[in-house]
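Taking it in order: structure first as structure tokens, then the write-up.
In each ligand, atom 1 is the first atom listed, and ligand 1 is the first ligand listed.
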Amino acid sequence: MKTEFEFIETIRRRYSLSKIGDDCAVLPKDNQTDLVITTDLLVEDVDFRFKWATPEFLGHKSLAVSLSDVAAMGAKPVWAMLSIGIPASVWKTDFLEKFYEGWFALAKKFNVELVGGDVSKMPDKIVIDSIVAGEVTKGKAVLRSGSKAGDLIFVTGELGGASAGLKMLENGERYEKSDYKNLLLRQLQPNPQTVIGQIIGAGNLATAMIDLSDGLSSDLAHLCRGSNVGAKIYADKIPFDKQLNSITKSFAEKLDYVLNGGEDFELLFTANPKKKIQIENELKNSRFSCIGKITATGKLVEIISDDKIEVLESKGFRHF
Ligand SMILES: [Mg+2]
């Protein structure tokens, strides 16, 4: 069976669509500015579960996932549209009111204006479509296609928390009663790297960038495919979320959360080694780590742990 990525690639080729395949589409706005725009579909029981995500968390996350894509272009988010399909039984509750509270709390933080949307009835599940558009200096959107052999690979923040949080929720842990609230929040209420994305974009710091939504193994492979390069990463350089210690002591298990679990919504970017000092200066108030480098090994991604080199398979999140 085709993966969703293969499906998108087929449509892209069949209809000669040149603007598809990055975190956002880049469209011309005027002589100084480009527009970036992204859409995300969140489906109940596929992307979230009603029994563990409160309406406020869901509102926050619906916007956060799209803000993360805008951040990955080095752009500033400005406008949003939000459409939602809900069952009649949910319509009768205060779900929507609370959902919008969560959405607007995050929108306010980054000055994002809601400019449209739609509400419709669904037979029995909730479906949310989130669109965010933003602006970037003309020609400066950071694409997936600019990496060159020899570039350094960086990630922001700490990784693995969101998928470990998901695992806990699947095992019955609930936020209200949990001793692991912060870990669960990595999954339930992710923070998009909106500020760091804009610093990277404005400073011309990166040759390519993507947000970590599917898991490091998959997202690094997407970036390598976009740039037609390979990569080598070092397991001991990966910044594990410290909270992973509370659920496992095993290095292999922690590595699995980072590589193959998704939704950390941190940024993965590559940069010319000459920019290293500038990156250290401009991102001095943020956590970021250099985890490896881009190679000329034709889209092959390798991971080095304990002096062993292995080919890294993409096993991150896939819908199909
Ligand atoms: Mg993305």
query = Would S83 and D118 satisfy side chain to side chain donor-acceptor pair (under 3.5 Å), going step by step from the backbone distance to the final call?
reply = CA-CA 4 Å; S83 297; D118 198 6; 5.5 Å; no
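Here the side chain of D219 pairs a donor or acceptor atom with the backbone of D214 at under 3.5 angstrom.
To the nearest 10 degrees, the Mg ion (ligand 1) sees OD1 of D69 and OD1 of D211 at an angle of 90°.
The N, O or S atom of D23 with the smallest distance to the Mg ion (ligand 1) is OD1.
Two rings, from F240 and F251, have their centers less than 6.0 Å apart. For F99 and F57, the distance between ring centers is not under 6.0 angstrom.
Taking backbone and side-chain atoms together, D219 has no N/O/S atom less than 2.8 Å away from the Mg ion (ligand 1).
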